[in-house]
Number of protein chains: 2
Amino acid sequence: MAASTLTEVARLAGVSPATASRVLNGSARKPGKDIAERVRQAADSLGYIPNAQAQGLAKSSSGLIGLIVHDIADPYFAAIARGVQEAAREQRKMVLLATTGGGPAEEKEAVAAFAARRADSIVIAGSRSCRSEDQDGNAELAAELDRYCRNGGQVAVVGHPVVGATVQEGYHVVRVPNQELAGQLATELAAGWDGGFVIVAGPEGLLTSDDRVRGFQEGLERAGRGQAEVIRTAFNRSGGYEAGLQLAERIKAAQSSATAGGKLCIFAVNDVMAIGAAAALRAEGLRIPRDAAIAGFDDIETLRDFRPALSTVRLPLEDIGRFATRATGPQPNGEDTDHVHPGDVTGEVTLRRSTEVAA
Amino acid sequence: MAASTLTEVARLAGVSPATASRVLNGSARKPGKDIAERVRQAADSLGYIPNAQAQGLAKSSSGLIGLIVHDIADPYFAAIARGVQEAAREQRKMVLLATTGGGPAEEKEAVAAFAARRADSIVIAGSRSCRSEDQDGNAELAAELDRYCRNGGQVAVVGHPVVGATVQEGYHVVRVPNQELAGQLATELAAGWDGGFVIVAGPEGLLTSDDRVRGFQEGLERAGRGQAEVIRTAFNRSGGYEAGLQLAERIKAAQSSATAGGKLCIFAVNDVMAIGAAAALRAEGLRIPRDAAIAGFDDIETLRDFRPALSTVRLPLEDIGRFATRATGPQPNGEDTDHVHPGDVTGEVTLRRSTEVAA
DNA sequence: CTGTTAGCGCTTTCAA
DNA sequence: TTGAAAGCGCTAACAG
């Protein structure tokens with residue numbers, strides 16, 4: 001009743017398990033054609049499926065790639081996951097998924113679980129945090145990762161290195177030029193906007209958010225504008241919504257007062273927050289871009305049909321996942337390929353309706 | 001350098017591996033407190049992480065749940081995946097992800113891969129197809145699943161049973177009342193709409209799509225309306241977009257002709273298609289609901305901020321994933337709980353702006 | 001309660 | 001080229 005084993009196949013074919021193994025799985029040595037055929041027949045007459053656990057045990061490698069995300073239902077992570085999945089398929093590996101909600105403690109657990117499963121590599125997506133409350137967690141995570149690498153594991157992190165992680169072999173970082181791109185966005189926005197700016201950001205210490213804020217401020221400065229006010233809130237839709245509510249008040253107040261001069265351009269540090277903010281403004285009876293302009297970051301695919309179309313920075317999310325995964329995989333076998341960066345992440349400022357000045 | 005083993009821990013603690021195993025992993029028997037402490041200390045002084053592969057081999061079970069989706073970046077699947085992930089965590093298992101693009105052949109491969117890894121259970125999301133081209137694939141998939149179940153695997157399918165699968169122990173189906181709900185949607189829509197209806201559907205043979213079409217037609221009939229025309233296209237955004245382009249032509253023609261009487265209400269069999277169709281109409285200069293009404297199905301979370309708000313049928317996607325996963329898990333240990341359905345999937349018609357008749 | 005002894009299914013030297 | 005044997009790390013009978 002139980003799945004049949006290599007030994008059974010071997011017996012049926014009248015050969016040793018060793019030979020059967022050599023035939024059925026890729027071995028350096030090639031058994032005789034006749035024998036090979038017999039084994040293969042026996043194998044599929046028994047419906048033989050190799051036991052990956054046993055193989056893994058014997059070879060001490062599992063063909064598994066661990067992926068850590070905050071939330072797989074978040075389109076940002078889902079897009080990255082797709083890329084990871086594709087790259088995994090290229091390497092003929094399977095992906096193990098862990099959802100952590102973003103806490104380093106859970107991430108550490110996920111790494112340990114992956115290590116236990118002897119995952120060949122681990123991809124960590126999702127912003128790092130350097131808040132003091134996360135300090136211990138980060139340290140533990142770093143330690144766990146360290147150990148994993150020391151035992152031969154490969155890890156790739158999207159965005160920033162894990163805070164406190166020792167640089168070492170097997171540890172890759174796929175850098176995302178959040179700061180530069182946010183700067184560009186600010187520059188381009190400033191060129192067509194003479195009102196004020198306000199930034200809707202995630203909690204201080206969230207590295208991705210901080211980078212984008214910093215970059216945006218720099219861009220503003222380069223454009224000869226003053227620093228924008230920063231509103232800190234949750235790094236998700238509802239955070240954006242709350243901030244939007246606040247801003248709506250303010251905008252309406254400004255409109256009714258005689259001061260009504262410069263309109264506000266809101267930069268939310270990611271698309272999902274931007275959508276939340278936009279929803280709040282709309283709920284308060286404001287229109288975009290008539291009453292306020294708004295821009296996001298990421299260019300989430302599912303959100304592209306949103307109207308007014310959201311100005312944002314396109315990030316090649318799927319590629320990011322792919323690159324990260326490839327970085328942990330076997331070295332490409334091409335010759336000149338090893339000093340070519342396997343993938344430099346670049347983004348693109350994409351201005352759309354949501355930040356157009358009224359005609 | 002390599003991860004340390006149970007044997008090493010045991011040696012350091014001065015006990016037998018068996019004892020070490022008993023204290024470190026949940027065994028029925030409890031070793032003495034003093035000994036237990038020694039072992040535990042040894043374990044974390046060595047940074048011991050149990051080798052799940054070895055455990056799996058020995059216990060012949062892996063703590064893995066395989067999840068099969070068409071595309072993890074599709075918000076529909078991402079939402080289900082989140083539910084699966086949560087339920088997996090409840091069962092202290094990890095999820096293995098396979099993305100198939102929807103073909104039964106790939107699905108079969110995924111099942112085989114899961115079987116090779118000795119996944120404890122498999123959850124298959126994504127519409128079944130009964131198109132003739134998929135017939136062979138379905139048969140093979142069914143056979144693979146069969147074998148998997150016979151070897152003690154648990155499988156849950158979302159929506160419909162795999163075409164041709166023999167009903168048997170360990171095979172669960174989480175039914176989704178697509179047809180009924182589509183019927184209700186049609187009824188409610190018909191109550192407030194006196195124009196015509198047209199259905200934008202996926203390819204014939206896609207069971208989910210077919211159910212929704214059938215249900216909608218029935219609802220129309222019950223409301224004393226004639227059958228709606230069905231436009232077949234791809235079961236995704238671009239399918240919706242194409243259909244939308246066609247319809248836009250038609251609508252504009254009707255508007256310019258004197259006939260301009262009944263407006264069109266478009267029912268797209270899923271939200272993503274609906275959004276695509278809406279985008280096409282908009283691109284052609286039409287407005288919703290002024291020039292046409294439109295409704296979808298699923299109530300995808302990310303799409304709720306879309307304007308005009310999309311009328312749709314809310315499906316508890318996350319619960320669906322959860323239920324499916326739970327169905328494959330250990331029986332709940334409560335007493336009366338076993339004749340209580342672990343989860344009946346129900347949906348809810350949700351009418352919003354996109355189908356409002358102009359005031 | 002603890003230790004000993006076999007495996008789980010496969011790969012891989014090492015001989016033949 | 002093939003087979004025999006040892007072992008990957010852990011669990012589970014069975015003894016002690």
Side-chain angles (χ1 to χ4, degrees), chain A residues 1-40 42-43 46-64 112-113 115-120 151-152, chain B residues 1-40 42-43 46-64 115-120 151-152:
Chain A
M1 212 57 161
S4 50
T5 75
L6 221 211
T7 316
E8 289 167 5
V9 172
R11 189 163 36 216
L12 209 182
V15 300
S16 77
T19 304
S21 168
R22 295 194 265 254
V23 173
L24 264 14
N25 312 315
S27 169
R29 277 151 47 188
K30 305 259 163 192
K33 299 208 83 171
D34 41 342
I35 276 297
E37 191 50 31
R38 271 222 316 275
V39 172
R40 245 181 287 274
L46 288 179
Y48 170 72
I49 296 185
N51 183 325
Q53 311 230 63
Q55 290 185 159
L57 222 208
K59 298 197 294 207
S60 66
S61 101
S62 60
L64 255 24
R117 299 232 126 84
R118 296 301 182 267
D120 298 333
N151 290 337
Chain B
M1 209 60 158
S4 49
T5 74
L6 221 209
T7 316
E8 289 167 4
V9 172
R11 190 162 37 215
L12 209 182
V15 300
S16 76
T19 304
S21 167
R22 293 193 268 253
V23 1
L24 263 17
N25 312 317
S27 169
R29 275 152 47 190
K30 306 260 165 191
K33 298 208 85 174
D34 42 342
I35 276 296
E37 191 50 30
R38 272 220 318 275
V39 172
R40 244 181 288 275
L46 288 179
Y48 169 72
I49 296 185
N51 184 324
Q53 310 230 65
Q55 291 185 160
L57 222 208
K59 297 195 295 207
S60 66
S61 104
S62 59
L64 254 26
R117 299 229 127 84
R118 298 300 185 266
D120 299 333
N151 290 335

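To find a chain, count down the sequence lines: A is the first, B the second, and so on, and within it residues start at 1.
- We find that CG of A/Asn151 is positioned 16 Å from P of D/dC8, with the value rounded to whole Å.
- One N or O donor and one acceptor, one from the side chain of B/Arg22 and one from the base of C/dG3, sit under 3.5 Å apart.
- Put simply, CG on A/Leu24 is 16 Å from P on C/dG9, counting in whole angstrom units.
- Of the candidates C/dC10, D/dC10, C/dT2, the closest approach to any side-chain atom of A/Leu6 belongs to C/dC10.
- A/Ile49 places its CD1 atom 14 Å from the P atom of C/dG9, with the value rounded to the nearest Å.
- Scanning all heavy atoms of the two residues, the minimum distance from B/Ala115 to A/Ile49 falls at CB-CD1, 4.0 Å.
- For D/dT2, the OP1/OP2 oxygens have no side-chain nitrogen or oxygen of A/Thr19 closer than 4.0 Å.
- Looking at heavy atoms from C-beta onward, A/Val39 lies in side-chain contact with A/Val9 at the 4.5 angstrom threshold.
- Between B/Ala18 and B/Leu57, the residue whose closest nucleotide on DNA chain C is further toward the 5' end is B/Ala18.
- Taking only side-chain nitrogens and oxygens, A/Ser60 never comes nearer than 4.0 Å to OP1 or OP2 of D/dC8.
- Closest to the side chain of B/Ser21, out of D/dT11, D/dT2, D/dA13, is D/dT11.
- Taking atom CD on A/Glu8 and atom C1' on C/dC8, their separation rounds to 13 Å, with Å as the unit.
- Note: NZ (B/Lys59) to P (D/dG9) measures 17 Å, nearest angstrom.
- Listed pair A/Thr5 / C/dG9 fails the phosphate criterion, with no side-chain N or O lying under 4.0 Å from OP1 or OP2.
- Checking C/dC8, C/dG3, D/dC10 against the side-chain heavy atoms of B/Ser16 singles out C/dG3 as nearest.
- When rounded to the nearest whole Å, the span between CD1 of A/Ile35 and C1' of D/dT1 equals 10 Å.
- Where A/Tyr48 and B/Pro17 each meet DNA chain C at their nearest nucleotide, the meeting point lying more 5' is that of B/Pro17.
- The side chain of B/Asn25 contributes no N or O atom lying less than 4.0 Å from OP1 or OP2 of D/dC10.
- With hydrogens and angles ignored, the 3.5 Å screen pairs no side-chain donor or acceptor of B/Arg117 with any backbone N or O of A/Ala52.
- Here B/Thr7 does not reach the OP1 or OP2 of D/dG9: none of its side-chain N or O atoms lies under 4.0 Å away.
- The main-chain N or O of A/Asp34 is never found under 3.5 Å from a side-chain atom of A/Glu37 such that the two would form a donor-acceptor pair.
- Across every non-hydrogen atom of A/Tyr48 and A/Leu6, the tightest pair is CE1-N, 3.4 Å.
- The separation between B/Gln55 atom CD and C/dG9 atom P is 17 Å, rounded to whole Å.
- D/dG7 atom C1' lies 14 Å from atom CG of B/Asn51, rounded to whole Å.
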